[in-house]
Number of protein chains: 2
Amino acid sequence: MDVKVFSDNQEKLARYAKALGHPVRVYVLELLGKQSCCYSGDLSEELPIAKSTLSQHLKELKDAGLIQGEIEAPRVKYCINKENWEEASTLFKELMQR
Amino acid sequence: MDVKVFSDNQEKLARYAKALGHPVRVYVLELLGKQSCCYSGDLSEELPIAKSTLSQHLKELKDAGLIQGEIEAPRVKYCINKENWEEASTLFKELMQR
DNA sequence: AAAACTGTTCGTATTTTTGCGAACAACGAA
DNA sequence: TTCGTTGTTCGCAAAAATACGAACAGTTTT
C-alpha cells in the first residue's frame, strides 16, 4: 500500500533543489539564464574539473529536467528546459514568498 | 593560492539548495512558512522517520542557516532564520527570474 | 580511410548523505 | 532524588554523490 507522506510538489521541489545543490550546476544554470544556450566545451574551459565530471553534472541537470541537450554537429548544445524550469521557479517562489 | 572559481553567491546558493534537497527538509520549511514555529516532537509524529533522523535533518537546516532552534523548557522550538532565509530567497529569485 | 575533435560511459576510489537504534544529556515533575 | 519527557549524539551500515582517467562512440576534417 505505502501511504504517501510527501506531496508531489514537495518531492519535486526537493528534486530540483538537489540538482541545484552544487556550485558547478549553479554556475551552469546561471550562465543559461544569461545566454540561452551553451556548449559543454566552453564550460570545460572555464571550470577546473575533468570533462567527465562536467558531463556528469550536466547529466544530473538533464535528469532533473532543468536543462536539455541537443546534438549539434560535433558538439552538444545545452539550454534550459523551459517548462520544468518554470515549474521549479514557481515551486521555489511559493515556498519562499513569506 | 587557490584561485576562486565560483562566486560567493554561487556557493551560497548551492549550499541553500542542498539543504532544500530532501523532502523532509522541504516539509519542515514549508510548515515554517505557514506557522512561524514548530516543535520537533510535532514533526516526529507527522513524519515516518526516527527521531534521531529528524534531528539530523533539523541540524542540516540549522547548519545551512535556514532555521534556528531555541530551547523552550523540555522542548526545542524551531523557526525560520529570517535573515538567511531572505538571502536565500533573493538568490533563488535572481537565478530563476528569466 | 585515417586522424582529430567532442562528449559520454566505464571502472574505481573517496567522501558525503541518509537512516536506524542505543546511549546520553538536560530539564521538569513526582 | 528519582522518574519521565524531549531531543541530541554516537556508532554503525547502506546508499548516493563526487571526481578522475581511460576507453569508447559519433562526427567532421584531412
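Per chain, numbering begins at 1; letters A, B, ... match sequence-line order.
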Tell me the interatomic distance from [X], atom [atom1], to [N], atom [atom2], rounded to whole angstroms.
X	N	atom1	atom2	value
A/Asp63	C/dT8	CG	C1'	13 Å
A/Arg75	D/dT28	CZ	P	12 Å
A/Glu45	C/dC5	CD	C1'	13 Å
B/Glu72	D/dT5	CD	C1'	15 Å
A/Ile67	C/dG7	CD1	P	13 Å
A/Leu54	C/dT8	CG	P	8 Å
A/Leu58	C/dG7	CG	C1'	10 Å
B/Lys59	D/dT9	NZ	P	6 Å

Sidechain N-carboxylate O distance under 4.0 Å for A/Asp8, A/Lys12 =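 So A/Asp8 does not pair with A/Lys12 through a salt bridge.
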ask   = Judged by atom type as modelled, is there a donor-acceptor pair below 3.5 Å linking the side chain of A/Asn84 to the main-chain atoms of A/Leu66?
value =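 Side chain of A/Asn84 to backbone of A/Leu66: no pair is present.
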query = Are the side chain of B/Thr90 and the backbone of B/Glu86 linked by a donor-acceptor contact shorter than 3.5 Å?
reply =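 Yes, B/Thr90 side chain to B/Glu86 backbone: donor-acceptor pair under 3.5 Å.
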In one Ile/Leu/Val/Met/Phe/Trp/Tyr side-chain cluster, 4.5 Å: [X], [Y]:
X	Y	answer
B/Tyr39	B/Val28	no
B/Val5	A/Val26	yes
A/Val76	A/Leu29	yes

ask   = Do B/Ser52 side-chain and C/dG21 base share a donor-acceptor contact under 3.5 Å?
value =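 In this structure, the two groups form a donor-acceptor pair.
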query = Just checking, any donor-acceptor pair under 3.5 angstrom between side chains of B/Glu70 and B/Tyr78?
reply =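 Result is no, nothing qualifies.
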Output one line per pair: protein atom, nucleotide atom from nucleotides 24-30 of chain C, and distance, for all N/O pairs under 3.5 Å.
none

Which atom of B/Ala19 lies closest to which atom of B/Arg25, heavy atoms considered =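 Scanning both residues completely, I find the closest heavy atoms to be O-NE, 2.7 Å.
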inquiry  = Categorize A/Ser40 for me: base, sugar-phosphate, or nothing, with a 4.0 angstrom heavy-atom threshold over every strand shown.
reply    =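 Answer is sugar-phosphate: A/Ser40 comes under 4.0 Å of backbone atoms only.
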key: Those residues that, when tested against A/Lys18, pass side-chain hydrogen bond (donor to acceptor under 3.5 Å, both in side chains) (two or more places apart)   =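 Residues passing side-chain hydrogen bond (donor to acceptor under 3.5 Å, both in side chains) with A/Lys18: none at all.
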Please list each protein N or O that sits under 3.5 Å from an N or O in nucleotides 16-19 of chain D, with the distance.
{"residue": "D/dA17", "atom": "OP1", "partner": "A/Lys18", "partner atom": "NZ", "Å": "3.4"}
{"residue": "D/dT18", "atom": "OP2", "partner": "A/Arg25", "partner atom": "NH1", "Å": "3.0"}
{"residue": "D/dT18", "atom": "OP2", "partner": "A/Arg25", "partner atom": "NH2", "Å": "3.4"}
{"residue": "D/dA19", "atom": "OP2", "partner": "A/His22", "partner atom": "NE2", "Å": "3.1"}
{"residue": "D/dA19", "atom": "OP2", "partner": "A/His57", "partner atom": "NE2", "Å": "2.8"}

message = Can you see if the side chain of B/Tyr78 gets near the phosphate of D/dT8 - specifically, an N or O under 4.0 Å from OP1 or OP2?
response =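 Yes.
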